[in-house]
Amino acid sequence: MAYSAPIFYRDVQAYIEIILLIFSLVIQAVALIHCLTQRGDGFQSIGTLPKGAWAAIMAVCIVLTLLVRGGATGIFSLVGIGAAMIYLLDVRPGLKDLSDGKGFW
């Protein structure tokens, strides 16, 4: 019984890391897909980075999350989640307001 705890916590830790990795990739992919489906002039109208810059940031973060060791708790994954959340919580509502709420979402 004394030896079952270390084995159990490693399994739980592995499952939590897989769930976090999937969550990270989903958030970043949603932000990238939304960015790619928007018009380029809308980004300039709301005064943010151009569409190409946002798409490049999201794509590089997804690739680095998948390739660099550390998974969902690595620095590149955390930066990717931060960039995706900034896009989804700041840029996306601005684009939606610009199109009078009749945008993609």
Side-chain angles (χ1 to χ4, degrees):
M1 272 309 253
Y3 297 109
S4 64
I7 296 170
F8 177 72
Y9 94 88
R10 287 184 186 143
D11 291 339
V12 172
Q13 181 182 4
Y15 288 131
I16 289 173
E17 286 180 1
I18 289 171
I19 290 170
L20 286 175
L21 180 65
I22 292 170
F23 174 75
S24 171
L25 291 174
V26 166
I27 293 294
Q28 293 177 33
V30 166
L32 177 64
I33 291 169
H34 185 271
C35 178
L36 293 176
T37 58
Q38 299 301 309
R39 293 176 41 187
D41 58 349
F43 290 87
Q44 294 173 352
S45 299
I46 62 172
T48 185
L49 293 173
K51 177 181 178 177
W54 279 111
I57 290 169
M58 298 301 160
V60 167
C61 287
I62 289 174
V63 169
L64 289 176
T65 299
L66 289 172
L67 294 181
V68 175
R69 185 179 171 132
T73 58
I75 188 70
F76 293 113
S77 177
L78 296 176
V79 169
I81 291 172
M85 295 307 289
I86 289 171
Y87 178 83
L88 291 174
L89 296 175
D90 185 37
V91 178
R92 183 178 156 261
L95 292 171
K96 188 174 181 181
D97 288 342
L98 188 66
S99 65
D100 293 326
K102 298 182 177 103
F104 179 71
W105 289 25

*Where is the tightest heavy-atom contact between W54 and C35, given as atom of each residue plus distance?*
CB-SG, 3.6 Å
*Can you hop from F76 to V30 via hydrophobic side chains spaced under 4.5 Å?*
no
*At what distance, to the nearest 0.5 angstrom, does CZ of R92 lie from CE of M85?*
10.5 Å
*Examine I27 and L89 and state if one hydrophobic cluster contains both, with Ile, Leu, Val, Met, Phe, Trp and Tyr joined whenever side-chain heavy atoms are less than 4.5 Å apart.*
yes
*same_hphob_cluster(L21, V26) at 4.5 Å side-chain heavy-atom cutoff*: yes
_For A55 against L32, the heavy-atom pair lying closest together_ = O-CD1, 3.6 Å
_Distance (rounded to the nearest 0.5 Å) between L25 CG and F23 CZ_ = 11.0 Å
_Nearest heavy atoms of G94 and I46, plus distance in Å_ = O-CG2, 3.6 Å
*Look up atom CD1 in I81 and atom CG in L88, then write down how far apart they are to the nearest 0.5 Å.*
11.5 Å
Side-chain polar contacts of residues 56-66 - donor-acceptor pairs under 3.5 angstrom, sequence neighbours left out - could you list them?
residue : atom : partner : partner atom : Å
T65     : OG1  : C61     : O            : 2.7

_Using every non-hydrogen atom in the two residues, find where L95 and Y87 come nearest and quote the distance to one decimal._
CD1-OH, 3.8 Å
*asked:* Using the rule that Ile, Leu, Val, Met, Phe, Trp and Tyr join whenever any side-chain heavy atoms are under 4.5 Å apart, tell me whether L67 and I75 fall into a single cluster.
replied: no
_Considering all heavy atoms, the nearest L36-K51 contact_ = O-NZ, 3.2 Å
